[in-house]
Amino acid sequence: MFDKYMICEDGFRNVEEGGQVVGFAFGARLPYYRGLGLSMVEEIAVAVDGQAYPREAIRFSVRGRSWTLDEMEAEYEDRWNFGEVAEIRVLTPGGLASGAHTVELAERLRISYLPFEPTTRDAKTLIIA
Amino acid sequence: MANAIKRGVSLYSYQEETYLQKMTLEDVIAASARMGALGIEVVSEQSFWGYPAPLPDATYDHWHALMDKYGTTPVCHDLMLDYKKYKGRLMPFEEQVASMKVDIAHAARLGCPFTRALVSISPEVLAAVAPYAEEKGVKVLIEVHAPLHFDHPWIQRHYEVMEKLGSDHLGFLPDMGIFVKRFPRVWKERFIRQGCPEKVADHIEQAYEARTLAEYVINDVEKMKAGPAAMAMVTTLRHNLYANPRRMLEFMHRIHNIHAKFYEMTADLVEPSIPYEEIIPVLVEGGYQGYLCSEYEGNRWVEDAFPVDSVEQVRRQQAMFERLLSPKPTAHAA
């Protein structure tokens, strides 16, 4: 559910730190009918123009706090709320070239009552200004 | 036959609009009240950001102010209990009990007489929280949700534990999705859009309506090599069923709330897959006096191709309930 809302239309950009482009970022939502504790988000996988990025390159941020995916799995207090837009940052020196890119996002969640861990996917063409 | 069944709505129904922040909590309560669905059920992890972390007093004040303003009544808080919170190990028993107590206290603060416990929660956890539920005046209702049903051994075990314990603060909340009589049209159409060949979709639909054992149909469709959408469609047969609505009668003393699940309401006020015209007379016969809470779950089946209008869908189901709950004019009025 909500597959097509996972990747947000706005917020796709290169990220600069100390005058260097260190990666890119976009807004993302949880494909679920409620919020979920961060420890139950098992994977956030990103590919751009067919190129997949390693798990270690992903950062998840919400309400001013940031986690690696491993840190997220050990976060037992904070949550990704229902419909809340988080920022997914991908660390890749130089970021992305200006222009249109195909962004693919897959989120794997551990839902207590499901006998499997569902992966939900979205893909959108977004533009880096 | 006269009845005391009340109309309500689970705010789950409006998830499309609330997820996208097109409607606020006040908007959805107001919309429900306008339809005469005056009982309000809430999935707190949806409607209250941060929950189950403690919520500010203002959140509860706002909730009660909305109930007063719109003349609505709190009915049920749907609890989740994330017993898989820790990767690779289940939440310890005592922590599960403590987690449920948080939900019971929260339900009481919302003014809800009931809290919904997910069907996979163990009977032993429910038994352990029963004294606290009694203290708080909140009944804990295990949801009887497809593919489970009243005659499934898991539900039977829950029933045995409830009866042995003798607590009237444990019970059932059946989800009407256990009475899917016809394969939902919106599901079939979505699987066809995803690439399931129409002939295969017809075969699966017919097999469902013939009540063929799911595993036989899955095996047939595997041999057809009709692709992943066909396999996705046929495996829904594992998780759906048409139980006999009359099986609720034996358990009526423990049924206190109902999820009036629906996937589609047509413009002429029909739910093509779930036969409410058969279900409601059973509830009336059993003397059910609780709420029928609309639970719209069609958005996920149409969102890929069509705009979702949850409010209109709920309105149609409520209009159907209004008709089905009205006493029928007798043929030979004296």
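Residue numbers start from 1 in every chain, and the chains themselves are labelled A, B, ... in the order their sequence lines are given, proteins ahead of strands.
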Legend entry - Value rounded to 0.5 Å, distance of CG in B/D82 from CZ in A/R110: 9.0 Å
Legend entry - Crowding at CD, B/Q156 (>12 non-hydrogen neighbours, <6.0 Å): yes
Inset, instruction - Mark yes when over 12 heavy atoms from residues, nucleotides or ligands other than B/E215 sit less than 6.0 Å from its CD; otherwise mark no. - result: yes
Inset, instruction - Please check if the side chain of B/E303 supplies one atom and the backbone of A/F2 the other of a donor-acceptor pair under 3.5 Å. - result: yes
Legend entry - Over 12 non-hydrogen atoms of neighbours within 6.0 angstrom of NZ in A/K4: yes
Legend entry - Greatest number of heavy atom pairs closer than 4.5 Å to chain A - which of B/S44, B/S120, B/G50: B/G50
Inset, instruction - Mind running side-chain hydrogen bond (donor to acceptor under 3.5 Å, both in side chains) on B/Q15 and A/Y32 for me, showing each step along the way? - result: CA-CA 10 Å; B/Q15 59 184 258; A/Y32 196 25; over 6 Å; no
Legend entry - Nearest heavy atoms of A/R34 and B/V43, plus distance in Å: CB-CG1, 4.5 Å
Legend entry - Euclidean distance, B/E45 CD relative to A/L36 CG, rounded to 0.5 Å: 8.0 Å
Inset, instruction - Name the region of B/Q21, side chain, backbone, both or neither, that has any atom closer than 4.5 Å to a heavy atom of chain A. - result: side chain
Legend entry - Any A/D3 side-chain heavy atom under 4.5 Å of B/R300 side chain: no
Inset, instruction - Any chance you could lay out the ring pair (Phe, Tyr, Trp, His ring centres under 6.0 Å) test for B/Y83 and A/Y113, step after step, and finish with the verdict? - result: CA-CA 9 Å; B/Y83 51 83; A/Y113 55 86; 8.6 Å; no
Legend entry - Flag, side chain of B/Q46 to backbone of A/Y33, donor-acceptor distance under 3.5 Å: yes
Legend entry - Donor-acceptor contact below 3.5 Å, side chain A/S39 vs main chain B/Y86: no
Legend entry - Name of the residue among B/Y19, B/F48, B/Y51 meeting ring-ring contact (aromatic ring centres under 6.0 Å, His included) with A/F82: B/Y19
Inset, instruction - Tell me, for A/L114 versus chain B, whether the close heavy atoms (under 4.5 Å) come from the side chain, the backbone, both or neither. - result: backbone
Inset, instruction - Look up atom OG in A/S112 and atom NZ in B/K85, then write down how far apart they are to the nearest 0.5 Å. - result: 10.0 Å
Inset, instruction - Identify which part of A/E77 has an atom lying under 4.5 Å from any heavy atom of chain B, answering side chain, backbone, both or neither. - result: neither
Inset, instruction - Decide yes or no on side chain to side chain contact (heavy atoms under 4.5 Å, CB included) for B/K87 and A/E42, but give the supporting numbers first. - result: CA-CA 9 Å; B/K87 193 171 189 173; A/E42 295 202 336; 3.7 Å; yes
Inset, instruction - Find out whether A/R79 and B/P52 are in side-chain contact, i.e. whether some heavy atom of one side chain is under 4.5 Å from a heavy atom of the other. - result: yes
Inset, instruction - Below 4.5 Å from any heavy atom of chain A, which atoms of B/S47 appear? Answer side chain, backbone, both or neither. - result: neither
Inset, instruction - Would you mind checking which part of B/L20 comes under 4.5 Å of any heavy atom in chain A, side chain (CB onward), backbone (N, CA, C, O), both or neither? - result: side chain
